[in-house]
Number of protein chains: 2
Amino acid sequence: MARYEHIAGELRDAIIRGDHPIGTQLPTEAELASRFNAARGTVRQAVAVLVAEGLVGTRQGARRIVLGSERSQSFAELHSFAQWARSVGHQAGGLVLDSHRRPSTPSEAVRLAITPGEEVLVVVRLRRLDGEPVLVERTVYANWIAPAVEKLDPACESVTQELYEAVGLVFAYGEHLIDAVAAGAEDARLLGVRRGSPLLRQRRTTTSQEGRPVECSDDRYRAGSVTFSIRNSTTANSLVRRAGD
Amino acid sequence: MARYEHIAGELRDAIIRGDHPIGTQLPTEAELASRFNAARGTVRQAVAVLVAEGLVGTRQGARRIVLGSERSQSFAELHSFAQWARSVGHQAGGLVLDSHRRPSTPSEAVRLAITPGEEVLVVVRLRRLDGEPVLVERTVYANWIAPAVEKLDPACESVTQELYEAVGLVFAYGEHLIDAVAAGAEDARLLGVRRGSPLLRQRRTTTSQEGRPVECSDDRYRAGSVTFSIRNSTTANSLVRRAGD
DNA sequence: GAGTGGTCTAGACCACGTG
DNA sequence: ACGTGGTCTAGACCACTCT
């Protein structure tokens, strides 16, 4: 593990443990540098991690402040329903309801960086959390990964993990659009709610390590089952609000 | 402007302009360093900005890749409805429907870091976008800022800006919980939708520069009016999914 | 093996905040 | 005025990717 990661971990643990309660000041860079016997730059790199996580706030000239004490989750836990469920102590389940190929629509072609009309694989999955149905996933896979997806067990718990083990595919970047929609007839039937009741919708496009788009998906969560949480600041921010489309 | 900010700006403009299309490689650090006549560390700092914005992906040993070309918005545009509206070319409106003081609930006291039962100011606002009602804000202000809030014009367009001009208050950090809920009777009446129809709910707590909580709010957007957008990666991520509460 | 990004150091100077 | 964080430099070495 890199030196700055170790220091960041120590500081994060100390904050979570309550050694630095919310609202108090963190030690100075000079003090941390001598405590960990590292150069100032390394300490700054460590603190930058905590700032990016939203745990610590920073302003030039003033001591750094503790803003929060919850551990934020990793990309993997955001991307993979199963990995997220495991990390919060729940059991994920899944079942493929439909899987077929068809030509891509123009908007899918743009998102997957393929030529319009090129064939794609559409998979509809119902995902459960501790047995309760909470999520309908309608995922569109680019043609080059479709064969690997079709070979997966329909009841496969973690698609992400299986694809990694099967073909070494690593998901690395994601873009997510979040809004609310009314449940359609199929959504309502699958999730056990009334038609027109509120669902939290997450449309996402995921890209491999090499920057190649792999899939785009329309995921709909039953209201009350999942909440997205974002921390941001004047200096670190990855959230955008957009006009309806 | 700092040197690295200038370099980051040049690179961002070049990406947006299409000089570096999505999926292509960025120049190497050495090349950028000589082009901008800066040290490698400074170039790295510049590129780190773009990585945090989700515009560029990076892996050790491989050239950096362009992932996106949309400018991401600032904290101010996330926090302030009026500033966001202006930045996307729309006109924001607002009207205070109710404003009264009452003792804080235990959960409000925790979020605002005050003692339970201490008085707070509750303000209900209806916000419009180009004349259309799109958002009901129910905001709870800590006692120490309440007098300044009560002095504001009820039809005030930007609360954030007015509070800055009146008392120099700067909002700097935010935590946001996003989910979907059904419209209650009051929500439905104000937003002009049916009861039970889907709303996008954003619960937020905002903190001043000094790390002092200022307000917490329950904001409900009419479905279709607003979408939240997040970019994340294995190395930079500020979004968390949480189990329902 | 050559190229490229990731980590770390050591020191200098500047900008801001606080007392 | 002093303490603190922000910026910048220059150079070294390592880890990984690509061909």
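Quick note: numbers below take in every heavy atom, side chains included, and nothing from hydrogens, waters or symmetry partners. Lettering of chains follows the sequences in order, A, B, ..., and the numbering in each one begins at 1.
- A:Gln209 places its CD atom 19 Å from the P atom of C:dT4, with the value rounded to the nearest Å.
- Phosphate proximity of D:dT9 to B:Arg44: absent, as no side-chain N or O sits under 4.0 Å from OP1 or OP2.
- Between the CD atom of A:Glu210 and the P atom of D:dC18 there is a distance of 7 Å, given to the nearest Å.
- When each of C:dT18, D:dC18, C:dG6 is scored by its nearest atom to the side-chain atoms of A:Arg59, the top-ranked nucleotide is C:dT18.
- Not one N or O on the side chain of B:Arg204 forms a donor-acceptor pair closer than 3.5 Å with the backbone of B:Asp218.
- For B:Gln60, no side-chain nitrogen or oxygen approaches OP1 or OP2 of D:dT17 to under 4.0 Å.
- At least one donor-acceptor pair closer than 3.5 Å links the side chain of A:Ser104 to the backbone N or O of A:Gly117.
- Across all strands, B:Ala30 comes closer than 4.0 Å to no nucleic acid atom at all (heavy-atom distances).
- Distances from the side chain of B:Tyr4 to the nucleotides D:dT7, C:dC8, C:dG6 place D:dT7 closest.
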Please step through salt bridge (charged side-chain N to carboxylate O under 4.0 Å, His left out) for the pair A:Arg127 and A:Glu137, ending with a clear verdict.
CA-CA 8 Å; A:Arg127 316 288 310 243; A:Glu137 272 180 7; 3.3 Å; yes
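- Summarising the geometry, the separation between CD on B:Glu29 and P on C:dG6 is reported as 6 Å, rounded to the nearest angstrom.
- Look at A:Thr28 and you won't find any side-chain N or O under 4.0 angstrom from OP1 or OP2 of D:dG3.
- Across the interface with DNA chain C, nearest-nucleotide mapping of B:Thr58 and A:Ala39 shows B:Thr58 to be the residue nearer the 5′ end.
- The residue among A:Gly41 and A:Ala62 whose nearest nucleotide of DNA chain C is located toward the 5' end is A:Gly41.
- The side chain of B:Arg64 places an N or O atom within less than 4.0 Å of a non-bridging phosphate oxygen (OP1 or OP2) of C:dG6.
- Following rounding to the nearest Å, B:Met1 (CE) and D:dT7 (C1') show an atom-to-atom distance of 14 Å.
- Atom P of nucleotide D:dG5 and atom CG of A:Leu50 are separated by 14 Å, given to the nearest angstrom.
- In this structure, B:Gln45 places its CD atom 14 Å from P of C:dG6, rounding to the nearest Å.
- Atom-to-atom, CD1 of B:Ile65 to P of D:dT17 comes out at 12 Å; the value is rounded to the nearest Å.
- Look at B:Thr42 and you won't find any side-chain N or O under 4.0 angstrom from OP1 or OP2 of D:dT7.
- Between the side chain of B:Arg3 and the base of D:dG6, no donor-acceptor pair of N or O atoms lies under 3.5 Å.
- Put simply, B:Arg40 has no side-chain N or O that comes within less than 4.0 Å of OP1 or OP2 on D:dC13.
- A donor-acceptor contact closer than 3.5 angstrom links the side chains of B:Glu210 and B:Ser208.
- In this structure, B:His6 atom NE2 and D:dC8 atom P are separated by 11 Å, rounded to whole Å.
- Between B:Arg138 and B:Val122, the closest side-chain pair of non-hydrogen atoms is not below 4.5 Å.
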